[in-house]
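Along the sequence shown, residues carry numbers from 1.
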Amino acid sequence: MNKKSIVIAVVAIIVVVLLVVFGGGTKSPVSGQTVKIGVIGPMSGDAAAYGQELQKVVSYRIAQINAKAGPNDPKFEAIYEDGKCSGNDSVNAFQKLTTIDGVKIILGGFCSSETMPISSLANENKILIISPASSNPKIEGSGSFVFTLSYSDKKIAEDLAKEMSVYKKVAIITEQNDYNIGVRDAFLEAIKNYPNVQVVSNETFAKGSSDLRSLLEKVKVTQPEAVLLNPNGGTTAETLLRQIAEVKNWSGYKLYGQFSYIPDNIRSSVGTFTEGMTIIDAPTLSDPEFIKLRDDIVAIKGGKLDSLGSYYTASTLDGIDIITGLISKLGNDSEKVGRALSTEQFKGFIGDISFSGKNFVKLNISGKYIIEDGKAVLQK
């Protein structure tokens, strides 16, 4: 190589270094743009606490991401729509986000009853949906544009069945929506592994019912030794618990529940009635970085995150981080982002995240909680 070639090569290297150092590096495909991300959750109705807390987490995290954005990075805007844990409302929310707001990627729905009805629309229209919380096992196999960061209710139901297998007569009371029906069906399948256990009562009530007294009297007649309370979260969960506590001349049964009974406020109206109740849910997350971030959100946004709990707070944060990261890298392209989600691995607050071509994140976890002195205490 002659001197002239050497000089040219050195100059080229210097130019590249200067470009990188002073901001002339590779630009995002959406550099300088504001990308809209849809968010579907129950902002009103019986489960409104979940949607309102979801909005706090999303708005806080997006503000953080935008504040740290460099000159070559996009900004993000969350567009919130109320799915009300209802199929019809979720479909309306999906249509508004995609046809009016032009959203291509949606965080949601939060509830299984929101996510399942829009799955076919997502695949048909190539709109990517990533749920932080939908857990109905039927979501598996729902198409290449649908993902959920939740654990599957199949695992929760299996652990509930194992816990309740020490009894001969058990009952289950279920609210009629996709999440709870998924838990019920998985539980009834799992309990078959314990032939000495008889399901003496399997009652279902209409979504959002406020008077369950006649149903509870029917369950009482069967005299179960253990009762699994399986309502949706929020107002209905509190109503069911309060009315079962009021049933006269019925005692000696053990209470079991799922994530709807983790929040202390849902149990507070019945005093010590739930002492000793067993709840199966995701384990509490104790990562110091996550705890600090959660506490910062509460301090800045106010209120609490008790309804989401640690897992769904973390999965919401992970959902936003993954979505914004992939859009910055690949552009606002639902197909490219979907393929990356399906094949790549990510680090998140809920742990190592991968889908490996599936709809559910690869997790096999649950936590056992016992109500002690009014608190849901994770068992070691």
Side-chain angles (χ1 to χ4, degrees), residues 50 53 57 132-133 135 137 148-167 170 172 179 182-183 186-187 190-191 193-194 196-197 225-231 233 237 241 252-268 270-298 304-318 347-354 360-380:
Y50 295 93
E53 291 180 9
V57 175
S135 54
T148 177
L149 288 164
S150 176
Y151 48 85
S152 171
D153 290 327
K154 185 174 185 292
K155 172 62 174 170
I156 300 300
E158 288 172 349
D159 286 359
L160 280 166
K162 182 178 179 181
E163 288 291 325
M164 297 177 72
S165 67
V166 297
Y167 302 98
V170 303
I172 179 170
Y179 159 62
V183 172
F187 174 80
I191 205 71
N193 294 318
Y194 307 97
N196 292 330
V197 181
E225 300 168 272
V227 182
L228 171 55
L229 303 184
N230 182 32
L241 188 59
Y253 56 89
K254 172 73 180 292
L255 284 178
Y256 290 82
Q258 26 77 341
F259 94 103
S260 299
Y261 288 108
I262 288 290
D264 293 338
N265 64 298
I266 297 298
R267 294 177 274 98
S268 61
V270 296
T272 61
F273 180 72
T274 58
E275 283 295 298
M277 181 181 188
T278 297
I279 300 170
I280 301 296
D281 188 25
T284 299
L285 305 180
S286 57
D287 175 70
E289 182 182 354
F290 166 71
I291 297 300
K292 182 182 185 306
L293 180 55
R294 182 198 63 189
D295 292 346
D296 288 345
I297 295 171
V298 171
K304 298 180 179 180
L305 296 174
D306 289 354
S307 294
L308 286 185
S310 63
Y311 185 89
Y312 287 139
T313 299
S315 65
T316 300
L317 290 166
D318 289 344
K347 289 287 186 181
F349 292 114
I350 63 172
D352 294 332
I353 297 171
S354 65
F360 271 98
V361 67
K362 292 178 67 177
L363 294 171
N364 189 32
I365 59 173
S366 66
K368 175 183 175 181
Y369 300 79
I370 303 292
I371 304 304
E372 300 175 0
D373 297 325
K375 301 292 183 181
V377 180
L378 181 65
Q379 304 300 293
K380 304 298 184 182

Provide the closest heavy-atom pair for [X] versus [Y] in the form atom of the first, atom of the second, distance.
X: I371; Y: T274; result: CB-O, 3.3 Å
X: Y151; Y: A282; result: CE2-CB, 3.1 Å
X: V57; Y: T316; result: CG1-CG2, 3.7 Å
X: S366; Y: I280; result: CB-CG2, 4.1 Å
X: E275; Y: G374; result: OE2-N, 2.7 Å
X: A157; Y: A190; result: O-CB, 4.1 Å

Quiz item: Going through the distances and angles, do E158 and K162 end up as a salt bridge (Lys or Arg N to Asp or Glu O under 4.0 Å)?
Solution: CA-CA 6 Å; E158 288 172 349; K162 182 178 179 181; over 6 Å; no
What distance separates [X] [atom1] from [Y] [atom2], expressed to the nearest 0.5 Å?
X: D153; Y: D159; atom1: CG; atom2: CG; result: 11.5 Å
X: T284; Y: L378; atom1: OG1; atom2: CG; result: 5.0 Å
X: E53; Y: L308; atom1: CD; atom2: CG; result: 4.5 Å
X: R267; Y: T272; atom1: CZ; atom2: OG1; result: 12.5 Å
X: D306; Y: Y50; atom1: CG; atom2: OH; result: 10.0 Å
X: S307; Y: L305; atom1: OG; atom2: CG; result: 9.0 Å

Self-check item: All pairs passing salt bridge (charged side-chain N to carboxylate O under 4.0 Å, His left out) where residues 276-292 contributes a residue, at least two apart
Solution: K292-D296
Quiz item: Do any pairs count as a salt bridge (charged side-chain N to carboxylate O under 4.0 Å, His left out) and have a residue in residues 365-380, sequence neighbours left out, and if so which ones?
Solution: E163-K368, D264-K375
Quiz item: Is any side-chain heavy atom of T313 closer than 4.5 Å to a side-chain heavy atom of F290?
Solution: yes
Self-check item: Donor-acceptor pair, side chain of E225 and main chain of V170, under 3.5 angstrom
Solution: no
Quiz prompt | Check: L285 main-chain N/O paired with S310 side-chain donor or acceptor under 3.5 Å | solution = yes
Quiz item: Looking just at side-chain N and O atoms, do S150 and Y311 make a donor-acceptor pair shorter than 3.5 Å?
Solution: no
Could you give the side-chain donor-acceptor pairs of residues 254-263 under 3.5 Å, partners two or more places apart or in another chain?
| unit_1 | atom_1 | unit_2 | atom_2 | d |
| --- | --- | --- | --- | --- |
| K254 | NZ | G276 | O | 3.4 |
| K254 | NZ | T278 | OG1 | 3.2 |
| Y256 | OH | Y167 | OH | 3.4 |
| Q258 | OE1 | Y179 | OH | 3.4 |
| Q258 | OE1 | S260 | N | 2.8 |
| Q258 | OE1 | S260 | OG | 2.9 |
| Q258 | NE2 | N230 | OD1 | 3.0 |
| Q258 | NE2 | P231 | O | 2.7 |
| S260 | OG | P231 | O | 2.9 |
| S260 | OG | G233 | N | 3.2 |
| Y261 | OH | A237 | O | 2.8 |

